[in-house]
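Quick caveat: nothing in here was measured; it's all calculated off a predicted structure. Here is how names work: the chains are called A, B, and so on, in the same order as the sequence lines, proteins then strands, and each is numbered from 1. Note that these values count all heavy atoms, side chains included, but never hydrogens, waters or copies made by symmetry.
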Amino acid sequence: MLKIATWNVNSLPVRLEQVLDWLQHSEVDVLGVQETKVTDDKFPKTIFESLGYHVTFSGQKTYNGMALISRHPIESVITALPNFEDEQKRVLAATIQGVRVINLYVPNGSVVGSEKYQYKLSWLMALQDFLKAQLNDYPDCVVMGDFNIAPEDRDVHDPNAWIGNVLVSPQEREAFASILSLGFSDGFRLFEQAAGCYSWWDYRQAAFRRDLGLRIDHILISDALKPRCQSVVIDKGPRGNERPSDHTPVFVTLM
DNA sequence: ATGGTGGTCTTACCA
């Protein structure tokens with residue numbers, strides 16, 4: 001059995017105790033984190049290693065930053081999209097226990113039509129090329145992370161209120177669908193789920209208390225890996241912590 | 001009541 005999780009922690013230094021606590025209680029084998037906001041020289045490597053984890057990371061100051069924390073050895077690491085010039089650290093792929101794990105922090109996009117939105121769409125185009133090649137090299141593939149896309153209206157607490165917004169725009173949703181058409185499933189939708197399941201709640205407007213969430217953190221399962229996929233679960237717990245991240249973890253269990 | 005939260009080499013910018 002292999003449990004693989006994704007969590008946008010919004011600063012690993014701030015959330016370190018929560019991450020260690022969740023690793024211990026969730027008993028996941030692999031955790032991909034986004035928005036570490038820590039440079040590689042300051043990454044808390046020895047803390048994880050002293051607890052028996054392998055780690056790899058690709059960070060920068062203030063923004064973005066990726067890490068993989070694993071009970072098993074981490075091999076064949078990639079830290080960027082090929083053929084896409086980008087100073088922002090948003091990709092970390094590696095092979096763990098024979099499974100290709102691709103951890104992503106998709107750009108937020110700011111406002112539909114803005115420069116950042118165009119960057120998001122360009123980034124997603126380059127991602128498609130990368131995933132196509134990765135799938136060819138590694139058929140057993142998990143693509144996960146903060147996609148900053150709610151794939152369907154049922155992934156949004158109030159779809160009408162969000163019309164015209166980033167995270168739900170048709171172009172972003174088309175990009176998500178194109179990625180699935182390469183040969184992936186949205187793991188969460190492989191199983192029956194309750195209505196109104198979200199992975200992110202804005203810090204503002206008491207959004208978590210009012211359950212004004214979106215499902216924007218995803219785990220995609222390659223077609224070859226689908227028979228091993230037992231469940232995909234959103235663990236809402238950590239969002240209720242004191243001083244929480246605005247995202248909560250999602251994990252897949254593979255047999 | 002036209003704001004509001006939270007993180008970051010903070011007084012601006014990002015989400």
For this session: For side chain to side chain donor-acceptor pair (under 3.5 Å), just list the numbers for A/Arg210 and A/Gln205, CA-CA rounded to whole Å, side-chain angles, deciding distance to a tenth of an Å, and then say yes or no.
Result: CA-CA 8 Å; A/Arg210 300 161 65 201; A/Gln205 297 175 306; 5.4 Å; no

Problem set entry | Interatomic distance at P, B/dG4 relative to B/dA12, whole Å | 15 Å

Exercise. Looking at A/Thr6, A/Asp217, A/Asn10, which hits side-chain hydrogen bond (donor to acceptor under 3.5 Å, both in side chains) with A/His247?
Worked result: A/Asp217

Exercise. Is the centre of the A/Phe176 ring less than 6.0 Å from the centre of the A/His218 ring?
Worked result: yes

Exercise. Taking the same atom, P, in B/dA1 and in B/dG6, what whole-Å distance lies between them?
Worked result: 24 Å

For this session: Treating Ile, Leu, Val, Met, Phe, Trp and Tyr as nodes and any side-chain heavy-atom pair under 4.5 angstrom as an edge, say whether A/Ile96 and A/Val77 lie in one connected cluster.
Result: yes

For this session: Report yes if some heavy atom in the side chain of A/Arg71 is under 4.5 Å from a heavy atom in the side chain of A/Leu31; otherwise report no.
Result: no

For this session: Apply the side chain to side chain contact (heavy atoms under 4.5 Å, CB included) test between A/Ile69 and each candidate in A/Val55, A/Thr56, A/Asp29; give the one that qualifies.
Result: A/Val55

Exercise. Which nucleotides of nucleotides 1-11 of chain B have their base under 4.0 Å from a protein heavy atom (B), which only their sugar-phosphate (S), and which neither (-), written as one string 5' to 3'?
Worked result: ----BSSSB--

Problem set entry | Residues from residues 207-215 of chain A lying under 4.0 Å of DNA chain B - heavy atoms | none

Seminar exercise, completed: Taking Watson-Crick and G-U wobble contacts under 3.5 angstrom, with | marking pairs to another strand and [ ] crossing pairs, the secondary structure of DNA chain B is written ....((((...))))

Exercise. Between A/Arg239 (CZ) and B/dA15 (P), how many Å, whole number?
Worked result: 17 Å

For this session: Dump the intermediate steps for side chain to side chain donor-acceptor pair (under 3.5 Å) on A/Trp201 and A/Asp246, then the final yes or no.
Result: CA-CA 6 Å; A/Trp201 298 258; A/Asp246 46 351; over 6 Å; no

Problem set entry | A/Asn64 and A/Glu35 side chains, donor-acceptor separation under 3.5 Å | no

Exercise. To the nearest Å, how far apart are A/Gln88 CD and B/dA15 C1'?
Worked result: 12 Å

Problem set entry | Qualifying residue, where the test is salt bridge (charged side-chain N to carboxylate O under 4.0 Å, His left out) with A/Arg173 and the options are A/Asp186, A/Asp153, A/Asp155 | A/Asp153

Exercise. Within 45° of the ring axis of A/Tyr105 and under 6.0 Å from its six-membered ring centre, is that where the NZ or CZ of A/Arg90 lies?
Worked result: yes

Problem set entry | A/Lys120/A/Glu172 salt bridge by N-O under 4.0 Å criterion | yes

For this session: Taking atom P in both B/dG3 and B/dG7, compute the distance separating them and give it to the nearest angstrom.
Result: 23 Å

